[in-house]
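First the structure, in the form of structure tokens, and then the observations on it.
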Amino acid sequence: MKIAITHHNPDFDAISSSYAAYRLYDCDFVYLCHNVDSVILDCLDDLGLRDSFKVVMESEIDDINENIELLVITDCKFKSRLGYLEKLIKKAQKVYIYDHHTGNECDIDNDKLILKEVGASTSIIVNEISQNNLVLQQNELTLLMLGIYEDTGFLTFNSTTPMDIMALHYLLSNGGELSKVRQYIKRDLSKEQLIILNELIINMSLYILNGIAIGLSFASFDEYVPEISVLANKIMDMENLDTFFMMVRLGDRILLVCRSRLDYIDTSELAYSFGGGGHPGASSAIIKDMTLNEAYEKLKVLVKDIIKPQKLAKHIMTTPVKFVSFSQTFNDALDLFMKYNLNMMPVVKNGKAVGLISRKDILQGIKHGLSDEPVSNIMQIEFETVSPEENINVVEDIMLLKNQKLIPVVENEKLVGVITRTDLLRLMKEDTTRIPGYLKSRADSLMLSKKINVRNLLKDRLPEEYFNLLFEIGEYAEELGTNVYVVGGFVRDLLMKNDNFDVDIVVEGSASEFAKKYADIKNAKIAIHKKFDTAQVILKNGVRLDFATARTEYYTFPAAAPEVESSSIKNDLYRRDFTINAMAVKLNRSEFGLLLDFFGGRRDIKDRKIRVLHNLSFVDDPSRGFRAIRFAVRFDFEIGPHTKKLLKHAVNMNLFDKIIGKRLFLEIKYILSEENYLEALETMKDYDILKFLHKGITLSERKYEMYENLEKIYSWYNVQVGKSLDIYISRFYILFSDLKYKDLKDVGKKFDFNHLEKRLFIGNSVKAENIAIKVKRNTKIRASEVTKMFKEMNDESILFIGAILGSEFEYIIKNYFNIYRNIKLNITGDDLIKLGYKPSKKFSEILNTLLDMKIDGEIFSREEELNKARELFENKRGEDDDN
């Protein structure tokens, strides 16, 4: 069973978005709470869609025993707004959420969360309906239009976006009926609504604060009256207000309605203070624990807090600007940083800000011998700018949420000022109320918050055994007063909902000491690496846990092995390769599940970007270039523009030549082990990285053909043979197949191969190519000849032979694996002795001959083998007599 639901007291957007989800996911019903407005039910009857909706009571929810395969929640992401429909969440296998209220954190565990800042939730799902080419009838199109028109105020609210307009264009183009929209949204006010409207007008107070026209009012009515919020829009139009806040008591509850036409006045802040929510231009709350007088007094205080002067970038920017010129060297830049005692400056070319550079990057680059390099080679090119007239909220978002330490202020494409963190802090100190109370929720909605808790995600995604293990480690750390974290790829894959049970634990303190005590408690095996203060614990059930000390790294020259020192978790994460791998989850009992994301890893997962943590990342460790490509193709991510620029710079500086052989080989091994390894190789070609393996390597059409042949025969092998093999070896052979033996020996030296590796990766490669040539030349080659040649080769080499031969000869490869190599003689040397022959070297010769004949289909049974053996012995005796 699949069910769509929305919040209690649904408006038309809630109803239409839930119906859109019902159609998109082919649900069985839309479930509604019992308190649905009669006007909405009349509309559903009028449109002939009532049967798709089911008004359920709480007892009916309790009685549901049927499996709920999917629960889709629309226009809501808080349990409290669902009423008793919240009980369906625990009964559902999967939960999808669509909402346009992005201002606050979602408290519903989910498998899919779609939050977009648009005017109506319906618009989000209509976009997916159009992409899936789902055909809707006129009555269905009309219902979806109702939701969008209502929640955007007929496209007049500030929250309206191009997506809303595009959604309406789609609905109208396919036959939606506007007359019905007018009938149900632009209807006359009821008698009760007119009474309340009159009281609101009488009780209204008007204020002018910082040039903003504000209206506040209240009213009271002893019964529930539907659709009171429409009165707020009418009063704003009548009084020409910028913002309006009203409170109406309806029976035993108070309804707060907030409206704003100004982008920089966020009414959701105020609604959130009353336990409600919404978006900046329109929000609401239901208040049950206060009298109307108490609530209204609180409203008047809070309104003054959110109405602030519109401060602009020009009010806090620093000018004139100190900057580094595009063509200046690291030494030049260092002189400027020391002269002006600055930590970051813009890089300027022809008056335009083209990059950002930090003193830390300059010092690190000079240490790496880049003194005479232009700063343009490593400057940060991914950065935001603002105009002098930009609202200060935009500056806050860039600096506090996107972690940009300096913001260029640009007018007519020319740099006119900069805003630093000091400038912003000074503003906040002058007026502490400028620090936005909604900052955390806005950060969470953008996936930029540094700290959230993923305890529930750990519990949902991990087998119980692993969850309990991590919790146990955290409890033990709490007892010892030590902070421990699970880090790296485990955390990345947890957030991406990929399985990964390679547990890496970082300890703030001595990892080996902590691991030893933990191993003693668990009676587990332990291996300690004293040099780096790391340890591996192997539990009785075979689970391996790697413990490392939180540390920082220093690179004394490009591609050098790092020198390490113990440090904090933040410094430990900073030394890692990419933002998506630089997150940690705290395991201590008191903060179990706390996610640490100092560098925007969650944002980059959401944006599907691979980004380095600092400008000298590839200079410190060029092998990260291979990993950037590998992760990009594995997760179908893009390499971020600035990271791409730094990678190209590393190529131009030939830094990849500095990677030591074993490490270089491992990176190639990992890439060739990826499912999308061909895409990775093509990316390496685009960046001109293949030349660092050997200058003679190309990706020719012939090589693509061989890879296609390989994957075809490998797929067959997996099904028919089912034996585990290292397919990267076969792919390795193809990658280097256009090199001569002398070049292959150079490759062996470059990768620092030992004797066994030379035989495996070079010797077998050459042998396999020679065998392929022999098979191609001999069109009537016997099965026994094939078997003799193949039996000395590993399976990876044989698949390589198949890749060279192609489909014309693939039957030879398949027959070898399926038939030839499994053929055995029914007789042995003992049988030959029983025939009366004395053991001699002739035994092996005759047995081998018999095996060849059997492989070639010349003999079959044991009797035939014995008869043929006698014949061969007689022939041998005759040959001996002649001699």
Side-chain angles (χ1 to χ4, degrees), residues 1-37 40-41 43-45 47-101 106-115 120-137 139-141 143-144 146-147 456-457 459-461 463-464 497:
M1 182 167 64
K2 298 178 184 177
I3 300 295
I5 63 173
T6 187
H7 54 80
H8 62 87
N9 294 319
D11 55 10
F12 269 112
D13 184 37
I15 293 294
S16 64
S17 61
S18 61
Y19 185 80
Y22 161 84
R23 290 288 281 114
L24 179 63
Y25 290 102
D26 193 23
C27 294
D28 296 280
F29 287 105
V30 177
Y31 278 5
L32 300 174
C33 281
H34 62 81
N35 54 344
V36 184
D37 196 305
I40 288 176
L41 295 177
C43 174
L44 294 176
D45 283 330
L47 293 173
L49 299 174
R50 179 72 176 270
D51 290 344
S52 301
F53 292 82
K54 186 175 181 180
V55 177
V56 293
M57 305 301 290
E58 186 168 5
S59 59
E60 293 179 80
I61 299 294
D62 294 332
D63 292 340
I64 292 178
N65 294 318
E66 187 175 350
N67 176 46
I68 300 178
E69 177 187 346
L70 175 65
L71 181 70
V72 188
I73 304 172
T74 69
D75 202 37
C76 176
K77 52 191 172 66
F78 293 109
K79 295 176 183 177
S80 59
R81 296 195 69 208
L82 291 172
Y84 54 78
L85 293 180
E86 175 194 343
K87 294 183 177 182
L88 290 168
I89 296 172
K90 291 185 178 179
K91 297 175 181 282
Q93 292 180 350
K94 289 184 179 179
V95 176
Y96 292 175
I97 300 174
Y98 288 84
D99 196 12
H100 71 135
H101 303 104
C106 174
D107 66 358
I108 302 173
D109 292 338
N110 60 80
D111 299 277
K112 182 177 182 179
L113 179 61
I114 306 295
L115 302 178
S121 292
T122 305
S123 301
I124 304 171
I125 310 179
V126 168
N127 180 56
E128 291 195 22
I129 286 175
S130 66
Q131 291 176 359
N132 285 275
N133 298 316
L134 184 62
V135 177
L136 301 180
Q137 302 301 314
N139 55 346
E140 297 175 309
L141 295 162
L143 176 63
L144 304 192
L146 278 164
N456 290 337
L457 187 58
K459 193 156 192 174
D460 291 343
R461 293 294 306 170
E464 185 176 2
K497 300 188 177 178

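Every heavy atom of this structure was used, including side-chain atoms; hydrogens, water molecules and symmetry mates were not.
Side-chain contact check for H100 versus D75: some heavy-atom pair is nearer than 4.5 Å.
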Pair Y31-I61, side-chain contact (heavy atoms from CB on, under 4.5 Å): steps then yes or no
CA-CA 10 Å; Y31 278 5; I61 299 294; 4.2 Å; yes
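Remark: L134 engages R23, I129, L136 in a side chain to side chain contact (heavy atoms under 4.5 Å, CB included) (not counting sequence neighbours). Every residue two or more places apart in sequence or in another chain that forms a side chain to side chain donor-acceptor pair (under 3.5 Å) with D45 is listed here: R50. Every residue two or more places apart in sequence or in another chain that forms a side chain to side chain contact (heavy atoms under 4.5 Å, CB included) with K79 is listed here: E86, I89, D107, I108. For the salt bridge (charged side-chain N to carboxylate O under 4.0 Å, His left out) test, no residue two or more places apart in sequence or in another chain qualifies with D111. With sequence neighbours excluded, the residues forming a ring pair (Phe, Tyr, Trp, His ring centres under 6.0 Å) with Y84 are H34, listed by chain and number. A search for side chain to side chain contact (heavy atoms under 4.5 Å, CB included) contacts involving D109 returns N456, D460, not counting sequence neighbours. Residues satisfying the ring pair (Phe, Tyr, Trp, His ring centres under 6.0 Å) criterion with Y25, sequence neighbours excluded, are Y96. When the side chain to side chain donor-acceptor pair (under 3.5 Å) test is applied to H8, no partner is found at least two apart in sequence or on another chain.
A salt bridge (Lys or Arg N to Asp or Glu O under 4.0 Å) check over residues 53-62, counting only residues at least two apart or in different chains, returns the pairs E58-K87, D62-K87. Among pairs with a residue in residues 124-137, those fulfilling side-chain hydrogen bond (donor to acceptor under 3.5 Å, both in side chains) read Y98-E128, at least two apart in sequence or across chains.
To the nearest 0.5 Å, atom CG of residue L32 and atom CG of residue L41 are 7.5 Å apart. To the nearest 0.5 Å, the span separating CD on Q93 from CG on L70 amounts to 9.5 Å. Atom SG of C106 and atom CG of L113 lie 5.0 Å apart (nearest 0.5 Å). Put simply, CG on L88 and CD1 on I68 are 5.0 Å apart, with the number rounded to the nearest 0.5 Å. The CD1 atom of I3 sits 7.0 Å away from atom SG of C27, with the distance rounded to the nearest 0.5 Å. A distance of 9.5 Å separates OG of S123 from CG of L144, quoted to the nearest 0.5 Å.
The environment of K94 atom NZ is sparse: at most 12 non-hydrogen atoms of other residues, nucleotides or ligands sit within 6.0 angstrom.
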Side-chain atoms of residues 14-22: list all donor-acceptor pairs with protein atoms under 3.5 Å, sequence neighbours left out, distances to 0.1 Å.
unit_1	atom_1	unit_2	atom_2	d
S16	OG	F12	O	2.9
S16	OG	D13	O	3.4
S16	OG	T122	OG1	2.6
S17	OG	D13	O	2.7
S17	OG	A14	O	3.2
S17	OG	T74	OG1	2.9
S18	OG	A14	O	3.0
S18	OG	I15	O	2.8
Y19	OH	E140	OE2	2.5
Y22	OH	S52	OG	3.3

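Without hydrogens or angle criteria, S121 side chain to D99 main chain gives no donor-acceptor distance under 3.5 Å.
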